[in-house]
Undergrad: 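One structure coming up, written as structure tokens, with questions to follow.
Letters A, B, ... mirror the listed sequences (proteins, then strands); counts begin at 1. All values reported here derive from a predicted model rather than from experimental measurement.
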Protein chains: 4
Amino acid sequence: MKYSTGIETKRKIIDATFQLMADKGFDALSIDDIMTSIGRTKGSFYVHFKSKEELLYEVMRTRLDRGHGQMAEEILEELSKDSCNVRSILEKVVAEIYANSGEDRLTWAFAYYHLLIHSRKNEFVREWLETNADQWSTFLNMIVKRGQELGQIRTDVDTQTITNICMGIVVGYDILFMLRPQIDFSEVNHIHDWMFINDDKSSEKE
Amino acid sequence: MKYSTGIETKRKIIDATFQLMADKGFDALSIDDIMTSIGRTKGSFYVHFKSKEELLYEVMRTRLDRGHGQMAEEILEELSKDSCNVRSILEKVVAEIYANSGEDRLTWAFAYYHLLIHSRKNEFVREWLETNADQWSTFLNMIVKRGQELGQIRTDVDTQTITNICMGIVVGYDILFMLRPQIDFSEVNHIHDWMFINDDKSSEKE
Amino acid sequence: MKYSTGIETKRKIIDATFQLMADKGFDALSIDDIMTSIGRTKGSFYVHFKSKEELLYEVMRTRLDRGHGQMAEEILEELSKDSCNVRSILEKVVAEIYANSGEDRLTWAFAYYHLLIHSRKNEFVREWLETNADQWSTFLNMIVKRGQELGQIRTDVDTQTITNICMGIVVGYDILFMLRPQIDFSEVNHIHDWMFINDDKSSEKE
Amino acid sequence: MKYSTGIETKRKIIDATFQLMADKGFDALSIDDIMTSIGRTKGSFYVHFKSKEELLYEVMRTRLDRGHGQMAEEILEELSKDSCNVRSILEKVVAEIYANSGEDRLTWAFAYYHLLIHSRKNEFVREWLETNADQWSTFLNMIVKRGQELGQIRTDVDTQTITNICMGIVVGYDILFMLRPQIDFSEVNHIHDWMFINDDKSSEKE
DNA sequence: AATGAATGAGGCTTCATTCAT
DNA sequence: TATGAATGAAGCCTCATTCAT
């Protein structure tokens, strides 16, 4: 199987890079490492990518994007309904983020935060991360604001602050997870007690 | 000033490394970069350190430790008092962590999380970070537990979970800070509303 | 136009190479450069040439030869006539050499002298160039000798020396031309004053 | 003798490069070739030069400059005298140019014309060559003009044209020399017959 | 303590060439 | 005929480390 299609090899390279960069970081990763890991030789890397940097961007685009595009749309639709339960929506979001909390999630986290760190010396990466973070922030902000409109979320703290705290805690658990992979992500739902106005349903999470 | 004292130069190397690694990360930093930045030449590095790795450990020990040893002791003493106000203690801790939220804090954050990422390929670093995190966790746990004993902190959520959430949010804000250095750290005090039992709802945050 | 005829493509490759090697030299030229410039892909190069070296020889043979075969024959015939005017013949030769002194001439010059330089490390090229130079030398020598026979060219300097000076000046102007493409080639005709015996001093150059 | 002085090694690198680039040209020359030839290893090249390009410029400056600064000054002084013999001055110039017509001269020629060819893709080199050529042209022009002032050189052909022909023939012989190293450089003095006005001495050179 | 020359390994990239399609 | 994936050698450059001074 010496000659495969370009698309196939390109995908393999991206996948291998994603896996490997979680361990060593992108810089410490050599093209030789990557190509050897997929049973090809160094030289053929350049058939598929113009440079190592281009590979990074491709990995970012296809493997590290925090978009969850699919979910986002469903939720926006759900939110528009009058009867929507914002608290359970937020719990669904958390569940989706931490879905697949196995090896792959850890890989994603290391790779992603590698990139965050890397961003200090690469303008492009920095901008991409900011955009990515902004999208998340906007998305969460929308949910929170809707919750406030519907009288489900407290209004004595302003929307953006609540959003920040939500993002902060999600991101914080990403990091704690890197240190202790056994951590239980569902814990983060506890802060909903704080955000949401206590009608009655304060007991049922986790 | 060709011959400075050994200790002096060693300290300069450590400081310069701390500053520089925030930008480029430790790996991407060359010994030449470091030595040039302090006006010395590459060769003399090895008078002070056995290897580049040793330097890293020294930087960790002297600049990255999250110990806040001084503060920790004061607080433990405070906690032992019957009349202590756990909420204000916790606010003091947050203030201390984010004290000096200027350039230096950013430097610390990049350097520290660089290290976290780096940890995947270095057992020693990994253990150091875990120890560091455990100390923090233990410290916070102690505060929370005391708060519960004194009836100031809710007890329907178990001590470790509350501790995790506290740590998570602190760490999360570190990360958000790297993306948007303008963020307002005092926001994190809002979650105290959730942890602390509403006697009179001390309304005084921020 | 995916399948052009073989000959057609081969010619395109040769032409493109001739153009491109004037800029970058043959070595610095990659097969990819060449093939891309004619809208084909690298792989198909080897349908037409066994190797890059073979291409060089083909370019030499078809584009760099200094033969001016056509002209040479006409001139030899002219020379055999008793009434021939050697001075005007020589002027015609110069005109032919420098005909088309535009972009293409510059291309030729760069490519040709690239080759001369290249010759130090390639025996075949070296021999080809020597042969080429010898043919020219022989050709000029024939003209000069005939001029001497007819009493038109001075005889106090030996035939070969006069020939050398003629060649030298032609070649020299090639080089000057590369440095300053505005140079006026017809200037070289002035040295005819020196070679030719002053009967009436045909004053008519340029 | 493992550790030599920087100056010494740097000079050796430059000399070796000058020698080797005559054979293979600068591009085809690898840093490994150069360093091996002086008994050092590749890595240490960068102790002395920032890049391969910097080496080229250094070689140009120290080994390829056509300045002949020393001679130039002497000649300018000589020219200022009323009694000066411009013809013999020009012969001295030719002698100086072609002095040492052995291996080293050939080396110089190949290296220099390599550079000329190379110039098409390097602006800096191109400018350096142009400057170099201009200096020569100016220098020769000065001699010719002085010869005309003194009534020794013909005035029916304009100064610049005579200068061009002189330069052309010198350069031309450089090239012929590369093809046939046995060529007799003193032949070029014959064209002085053409430039200089025949008082009497028209027979005696070579 | 400091210098700076030297080393050798390793990384990115280019490129002539081969080969299955 | 043409394509494009793959190869492997080679080149430039960086860098941690050693060592004589």
Undergrad: Can you tell which of dA6(F), dA2(E), dA2(F) lies closest to the side chain of R40(B)?
TA: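 Among dA6(F), dA2(E), dA2(F), the one nearest the side chain of R40(B) is dA2(E).
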Undergrad: Could I get the full list of ring pair (Phe, Tyr, Trp, His ring centres under 6.0 Å) partners for Y113(D), not counting sequence neighbours?
TA: none
Undergrad: Identify whether the distance between the nearest side-chain nitrogen and carboxylate oxygen of E123(A) and R126(A) falls below 4.0 Å.
TA: no
Undergrad: Please give, in whole Å, the distance from dT18(F) C1' to F49(B) CZ?
TA: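 In whole Å, dT18(F) C1' and F49(B) CZ are 18 Å from each other.
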Undergrad: Partners of K24(A) by side-chain hydrogen bond (donor to acceptor under 3.5 Å, both in side chains), sequence neighbours excluded?
TA: D33(A)
Undergrad: In whole Å, I'd like the distance from the NZ atom of K10(D) to the C1' atom of dA6(E).
TA: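 Taking atom C1' of dA6(E) as the reference, NZ of K10(D) is at 17 Å.
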Undergrad: If you write DNA chain F from 5' to 3' in dot-bracket form, with Watson-Crick or G-U pairs under 3.5 Å, [ ] for crossing pairs and | for pairs with another strand, what do you get?
TA: .||||||||||||||||||||
Undergrad: How long is the straight-line distance from CG of L179(A) back to CG of L129(B), given to the nearest 0.5 Å?
TA: 6.0 Å
Undergrad: Before you tell me yes or no, could you show the steps for Y112(D) and N132(D) under side chain to side chain donor-acceptor pair (under 3.5 Å), namely the whole-Å CA-CA distance, both residues' side-chain angles and the distance that decides it to 0.1 Å?
TA: CA-CA 11 Å; Y112(D) 191 86; N132(D) 212 255; 3.2 Å; yes
Undergrad: dC15(F) P sits how many Å from M35(B) CE, rounded?
TA: 15 Å
Undergrad: Measure from the side-chain heavy atoms of H48(A) and tell me the nearest of dA6(F), dT3(E), dA5(E).
TA: dA6(F)
Undergrad: Output every pair passing salt bridge (Lys or Arg N to Asp or Glu O under 4.0 Å) with a member in residues 14-23 of chain A, not counting sequence neighbours, ordered by first then second residue.
TA: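 For residues 14-23 of chain A: R11(A)-D15(A), D15(A)-R63(A), D23(A)-R120(B).
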Undergrad: Output one letter per nucleotide in nucleotides 11-16 of chain E: B when a protein non-hydrogen atom lies under 4.0 Å from the base, S when only the sugar-phosphate is that close, - when neither is.
TA: SBBBBB
Undergrad: Just to verify, what does F26(B) make a ring pair (Phe, Tyr, Trp, His ring centres under 6.0 Å) with, not counting sequence neighbours?
TA: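 None.
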Undergrad: Grab the NZ-P distance between K12(A) and dA6(F) for me, whole Å please.
TA: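 Whole-Å distance recorded here is 8 Å.
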Undergrad: Considering just the side-chain nitrogens and oxygens of T9(C), establish if one lies under 4.0 Å of OP1 or OP2 belonging to dA2(F).
TA: yes
Undergrad: Taking CD1 from I38(A) and C1' from dA6(F), how many angstroms apart are they, rounded to a whole number?
TA: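 So the CD1-C1' distance, I38(A) to dA6(F), works out to 11 Å.
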Undergrad: Nearest 0.5 Å, what's the CZ-CG distance between R40(D) and D32(D)?
TA: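 Here the rounded value is 14.0 Å.
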Undergrad: Do side-chain atoms of K52(A) reach the backbone of S30(A) as a donor and acceptor pair under 3.5 angstrom?
TA: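 Between the backbone of S30(A) and the side chain of K52(A) there is no qualifying donor-acceptor contact (under 3.5 Å).
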